[in-house]
Amino acid sequence: MDKVVATAAEAVADVPEGASLAVGGFGLSGVPNVLIQALYERGVGGLSVVSNNCGAMESGLAVLLAAGRIARVTGSYIGANKEFARQYLAGELEVELIPQGTLAERLRAGGAGIPAFYTPAGVGTQVAEGGLPWRYDGEGGVALASPAKEVREFDGTEYVLERGIRTDFALVRARKGDRHGNLVFNKSARNFNPLAAMAGKVTVAEVEELVEPGEIDPDAVHLPGVFVQRVIALTPEQAADKKIEKRTVSAAPARGTVND
């Protein structure tokens, strides 16, 4: 089945108001910026987003966040996104912060058809006991707090029950993909992308290089096409448009050293 669509706008044309989205990426690495921009241009809002973080440097999900299109975020990292923090503390945004490994497994479990699982992460904290602020009231108080979760003992160790995540749509970015939706990710851009793709009922992948079926060695496939419903091929310019979140340089060596 040829899953390629002509444009990003066509690929997200049926994402409705209030939809839930699993979005790949970590910081600026592996973020489906073209699909996010197309969604922004559609004008839909009230979105519930599941992603490690909510964009950075006015890139990625930060585009939707700044426009007030996101109502709820399930993630593990606020980071240096000042607008994310502002909206959260002002009571404009509902946020469920969970351990990063738990987030990864909740996405994977949802995609694998596993409704829930037990993990030791969070036992003895508000993650399990409840009370984490999901939404503030804008005046320093908590308007909505997380509920307590089931805790059960196995072989003398306590574990907390976490539910798998399924979303209406998933947006991901891959280094290479074929027309059947088989995807290959590049190094750290692999991050949350395969997991987000598994969790979406309808998964859309933007690929930097589109190839024909059979051109990707089956052993090289990171995500099988069964998890992907739509593929868009990026232009060379779109594929090359990658920002650097933090640039670090070394001080120049002092004169007279062995490097002269």
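Values below: all heavy atoms of this structure, side chains included; hydrogens, waters and symmetry mates excluded.
- Side-chain contact of Glu150 with Tyr118: a donor-acceptor pair under 3.5 Å is present, judged by distance alone.
- A donor-acceptor contact shorter than 3.5 Å is absent between the side chain of Thr167 and the backbone of Ala170.
- No donor-acceptor pair closer than 3.5 Å links the side chain of Glu153 to the backbone N or O of Tyr159.
- Surrounding CD of Glu139 are at most 12 heavy atoms belonging to other residues, nucleotides or ligands under 6.0 Å away.
- Cluster annotation: Leu89 is connected to Val73 through the hydrophobic network of ILVMFWY side chains, with a link wherever side-chain heavy atoms come within less than 4.5 Å.
- Around atom NZ of Lys3, more than 12 heavy atoms belonging to other residues, nucleotides or ligands sit under 6.0 Å away.
- Placement of Phe185 and Ile216 in two distinct hydrophobic clusters is found when ILVMFWY residues are connected by side-chain heavy-atom separations under 4.5 Å, directly or transitively.
- Residues Val202 and Asp168 are not in side-chain contact: their nearest non-hydrogen atoms beyond the backbone lie 4.5 Å or more apart.
- Heavy-atom neighbours of Arg163 CZ from other residues, nucleotides or ligands within 6.0 Å: at or below the threshold of 12.
- In summary, the side chains of Arg190 and Ser188 do not present any donor paired with an acceptor at a separation below 3.5 Å, with no hydrogens or angles considered.
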Start with the C-alpha distance between Glu158 and Arg152, add both sets of side-chain angles, then the distance that settles salt bridge (Lys or Arg N to Asp or Glu O under 4.0 Å), and finish with yes or no. CA-CA 6 Å; Glu158 290 188 327; Arg152 184 174 173 183; over 6 Å; no
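- Of the possible polar contacts, none joining the Thr203 side chain to the Gln229 backbone as a donor-acceptor pair under 3.5 Å is found.
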